[in-house]
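Report on the structure given below.
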There are 2 protein chains.
Amino acid sequence: MAKIASTVYEQIRTAILSGELSNSERLVEEDLAVSLGISRTPVREALRRLAAEGLVDVSPNRGARVAEWDADDLREIFDLRSILESHACELATPRASAAEIAFLENICDEMEALAKTELSSEQRLPALAAKNRIFHGKIIEISNSSRLGLLIETLIHVPIVMQTYKVYSPQALERSLRHHREIVTAMKAGDEVWAANVMRAHVLAAREEVLGRNEAD
Amino acid sequence: MAKIASTVYEQIRTAILSGELSNSERLVEEDLAVSLGISRTPVREALRRLAAEGLVDVSPNRGARVAEWDADDLREIFDLRSILESHACELATPRASAAEIAFLENICDEMEALAKTELSSEQRLPALAAKNRIFHGKIIEISNSSRLGLLIETLIHVPIVMQTYKVYSPQALERSLRHHREIVTAMKAGDEVWAANVMRAHVLAAREEVLGRNEAD
DNA sequence: TAGACCATCTTTGTATACAAATAGAGGAAT
DNA sequence: ATTCCTCTATTTGTATACAAAGATGGTCTA
């Protein structure tokens, strides 16, 4: 994709994922274009691309809105993630090099250290969420299945999923980090079934956290 | 998507899936536009959409080509299909109504009847392939997970996958039909693990057929 | 006052025009 | 002959203009 179109794509996408744009907000091509100082053409292209990824809904002749997700969507998303990410573990385990295992262990160290600091939640949680994404992403990368990575990406690029850690209780966070550690241990031991099982439990636990918190609202 | 853009999208897509366009053929916006008697704008939109679905590759400033798939891609695709479609079986089994089971049994009957006719391969195989797609699609529909359906769709909308039956030997075809029958039996019995296992074996068997034939070339 | 209908205004869909980037051919230098 | 360069032709990327479809608001009628 070209320069301007891909830039505006990133901008709108980031705004949606961060929750800055939401509530099925209308995305009017002309408005976006003038506010960015460009023409409608690249804006339109960006919106269609976001639509293909499921981040916006477009109806013919009626324009684009930021997509919405309900509890059923989240159930589906986390179920599929649990299946696909555990498969990624299965594929990654026999392929992981010592350096890659060390990389994962290092992320575990960093996350555990972060969890113990006295920083405020506002500083700590985004940092933890970022490292969490790197952890999961690394396993997918080691699995060496580009399509698997793409499928998972379409599932996790949803505001609520991206902000999972924001709803975590201290207990849930601690359990999450224990899961990470156990996954790496299983991979290091070359036990792909173990690794896959823990990953499945890990993602399903996240599902319960997110759904529980959301239904409480 | 609008009238013209979605029409040209369907046209190009069908041409790619049928194998009519292939060999990483270049897709020049202007050429497509004049041959269809329209402007570049909707052509461009259709191409970007096809790119998002993975049917065409686009590089910035260098245009679009029909995508290509090698043996590794096919391995990946069938592996993921085996996981996702067996999950669909798992979800579908407890949900399937008597009418839906009857529908699936009916497709099994029709496919078995078709396999026995004395029609030439050129007539029989496309008909079998169409019914096969309906069979798999129905199970996904019963599973009631729209995202799962979308993920599988992106995997199977690949020329070689769509034309799987064309490379089937009579033995492979027979085994495929037996699998279908067993899947329905398992679903009818409410045994989701059985159904899922057969589906996994079914898809992996297809993988072997397709890969074997392709490597023989 | 409620509801339907019409005019208008906004917004999307498509066409065309222009700018920028890339590919390819031809020629010059070594 | 080979390599590098430049110039041109082709093709993509963006802007603008126009057409068509929806939304909106007000008025008229019952």
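With rounding to whole Å, R48(A) atom CZ is found 10 Å from dT12(C) atom P. Protein atom CD of E25(B) is 14 Å distant from nucleotide atom P of dT11(D), rounded to whole Å. Straight-line distance from the CD1 atom of I4(B) to the C1' atom of dT16(C): 14 Å, rounded to whole Å. Here dG13(C) presents its C1' atom at 15 Å from CD of E45(A), a figure rounded to the nearest Å. Distance CD (E30(A)) to C1' (dT16(D)): 11 Å, rounded to an integer number of Å. Atom pair R40(B):CZ and dG13(C):C1' shows a separation of 16 Å (rounding to whole Å applied).
Between H179(B) and H202(B), the ring-plane angle classifies as perpendicular under the 30° and 60° cut-offs. The aromatic rings of H180(A) and F135(A) lie parallel to each other, their planes meeting at an angle below 30°, with 60° marking the opposite boundary.
Looking at every heavy atom in both residues, D73(A) comes nearest to E68(A) through OD2-O, 3.9 Å. V203(B) and F78(B) get closest at one heavy-atom pair: CG1-O, 3.5 Å. When all heavy atoms of L114(A) and A127(A) are compared, the pair lying nearest together is CD1-CB, 3.8 Å.
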Check the interface with nucleotides 20-25 of chain D: list each N/O to N/O pair with the protein under 3.5 Å, or write none.
from	atom 1	to	atom 2	distance (Å)
dA21(D)	O3'	N61(A)	ND2	3.4
dA23(D)	OP1	R62(A)	NE	2.6
dA23(D)	OP1	R62(A)	NH2	3.0

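A distance of 10.5 Å separates CG of L151(A) from CG of L148(B), quoted to the nearest 0.5 Å.
Of the candidates dT14(D), dG13(D), dT14(C), the closest approach to any side-chain atom of P42(A) belongs to dT14(D). Among dT12(C), dT16(D), dT14(C), the nucleotide with an atom closest to any side-chain atom of E29(A) is dT12(C). Comparing dG13(C), dT14(D), dT11(C) by their nearest atom to the side chain of V28(A) picks out dT11(C). Proximity note for T41(A) (side chain, C-beta onward) versus dA15(D), dT14(C), dA17(C): the nearest is dA15(D).
Nucleic acid contact for L47(B): none, since no nucleic acid atom lies under 4.0 Å from a heavy atom of the residue.
For E192(A), the side chain to side chain contact (heavy atoms under 4.5 Å, CB included) criterion is met by E90(A), T93(A), P94(A), not counting sequence neighbours.
The phosphate of dG13(C) has OP1 or OP2 within less than 4.0 Å of a side-chain N or O from R44(A).
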